[in-house]
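Structure, as structure tokens:
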Amino acid sequence: MDPNRFTKLSDTAWQLEPTGKMRVPAILYASEALLREMDDKVAEQATNVATLPGIVQASYAMPDAHWGYGFPIGGVAAFDADAGGVVSAGGVGFDVSCGVRTLHTGLTREAIEKIKPALADALFESIPAGLGSTGYIHLRDHQMTEMLAGGAVWAVQQGYGEAADLERIEEHGRMAGADPHAVSEQARKRQRNEMGTLGSGNHYLEVQHVTEIYDPAVAKVFGLAVGQVVVSIHCGSRGLGHQIGTEFLREMAVAANRHGIELPDRELACAPIRSELGERYLGAMRSAINCALANRQILTHLTRRVFAKVLPEARLDLLYDVSHNTCKVETHSIDGSPRQLYVHRKGATRAFGPGHPDLPDALRPVGQPVLIGGSMGTASYILVGTNEGERLSFNSACHGAGRAMSRHAATRQWRGRALVDELAGRGILIRSPSLRGVAEEAPGAYKDVSEVVKATHQAGLARMVARVEPLVCIKG
DNA sequence: ATGTTC
């Protein structure tokens, strides 16, 4: 889009002044090059969000923002319940609590290279991946209720993982305020056999090696050094989150008139935070957050079992687990006073700065790890939250590369087999149940995550700590 | 993203 439409706040911050029904400005964070490439729809959608009741400070878009359902993917907006604020299912997204977790292995790249194909095969054998994939866990209804209330804490109680994992997960592994009874029978049914599965699309499990350190002091606290091997898992709440999103979008669209909310776009469907529907959505959405946390925890357990067999000297300790599709109640300083806000992050990663009370003791001095997944076969990045991020974006950063091309267009341009062979030639082993899925996820179909991360760093939303590159990728 | 169009 045309940079001349904006008030330029800095080299990486672009503001649209409030006009018409906008209650606050819209601010897009991006380099000029990323802004020029960005779809005009991002500005239109960020502007639409700025009209919603109770919005505080500004409607934001991250450097990887693109056109989404109602809200842009890469959108951040905070609402004050006392000022008539709303909660929006489209402001969270369908894949509730989709996110990334990264585990140390204690191994170096050399140790992996020797048995890389065997490791890839063993992971592919053990990690259920792909559309409609089912796992070896089958939940009865009361177990489902316990999982939806307990998240990764429940998973650890069931024997999936270790208690020490929990402090390295947002919300310490369990999202408070979940209401499993607000989750429909249909959503429960879809999830019954899907715990501990990766799913499809851009979801993956990767074995990666650290190739660059940008901030040695923070990297040391994070336990990262060049040549070390880590495992990253990117997935979400599977069918359950999607079903909840679908049901509440419909219900919120129907109820908007009743709540006296005027919507510039029907897809912005929302409900007052202080309404029966708003509270019910929050209870269901928080249950879906717990589902995603439990899912990544079970996948961690499966991954540890594979390493125990193939590379028994490995020790998989959790660095951190982030979610990038959520609405969370947080206290932020607004004009010098603390206010409790409902922060929507849709395709945006929480990025708490140094000293934040919610961080574990070991990480609090430096800030929260911000895990940014690249596309298949490309680099990923580990950043750290900043204090200035609170003023800039309610402590939010980008979440990934973002598509540059539709899935359909990608399958016309690339063949899965050729991509797998090409990546294997560069030492990156892909294992996937779907060659078509691989073609849809071709690296060329995504924006350059490096440019997104650089802009995020330059804007001060989060700071670059390390780059990792893939060795093995289990692709959904 | 998604029992890939209830």
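Computed from a predicted structure; not experimentally measured. What you see below is based on every heavy atom in this structure, not just the backbone, and it leaves out hydrogens, waters and symmetry mates. Chain A is the first sequence line, chain B the second, and so forth, proteins listed ahead of strands; every chain is numbered from 1.
Distance CD (A:Q243) to P (B:dT4): 12 Å, rounded to an integer number of Å. Between A:E194 atom CD and B:dT4 atom C1' the separation is 13 Å, expressed in whole Å. B:dT4 atom C1' lies 14 Å from atom NE2 of A:H203, rounded to whole Å. Rounded to an integer number of Å, the gap from A:L249 CG to B:dT2 C1' is 13 Å. A:F94 places its CZ atom 12 Å from the P atom of B:dT2, with the value rounded to the nearest Å. If you measure from atom CG of A:L240 to atom C1' of B:dT2, you get 12 Å, rounded to the nearest angstrom. Rounded to an integer number of Å, the gap from A:L435 CG to B:dT4 C1' is 17 Å. Distance NZ (A:K189) to P (B:dC6): 13 Å, rounded to an integer number of Å.
Checked by atom type, the side-chain pair A:D95/A:H203 shows a donor-acceptor distance below 3.5 Å.
Within the 4.5 Å cutoff, the side chain of A:R286 has heavy atoms near those of the A:V329 side chain.
Note on A:Q186: a base of the nucleic acid sits closer than 4.0 angstrom, heavy atoms only. No contact: A:G245 has no heavy atom under 4.0 Å from any strand. Across all strands shown, A:S237 has no heavy atoms under 4.0 Å from either base or sugar-phosphate atoms. At the heavy-atom level, A:G236 lies nowhere under 4.0 Å from the strands shown.
Taking the six-membered ring where tryptophan is involved, the planes of A:Y29 and A:Y60 are essentially parallel, since the angle between them stays under 30° and well short of 60°. Between A:H332 and A:F352, the two ring planes are tilted [angle within 30° to 60°].
Using a 4.0 Å cut-off, some side-chain N or O of A:S200 falls inside it from OP1 or OP2 of B:dT2. Dashed line: the shortest gap from a side-chain N or O of A:R238 to OP1 or OP2 of B:dT2 is under 4.0 Å.
Between A:D95 and A:R250, the residue whose closest nucleotide on DNA chain B is further toward the 5' end is A:D95. Each of A:R436 and A:G201 was assigned the nucleotide of DNA chain B with the nearest heavy atom; the assignment lying further toward the 5' end belongs to A:G201.
When ring centroids are compared, A:Y281 and A:F248 come within the 6.0 Å threshold.
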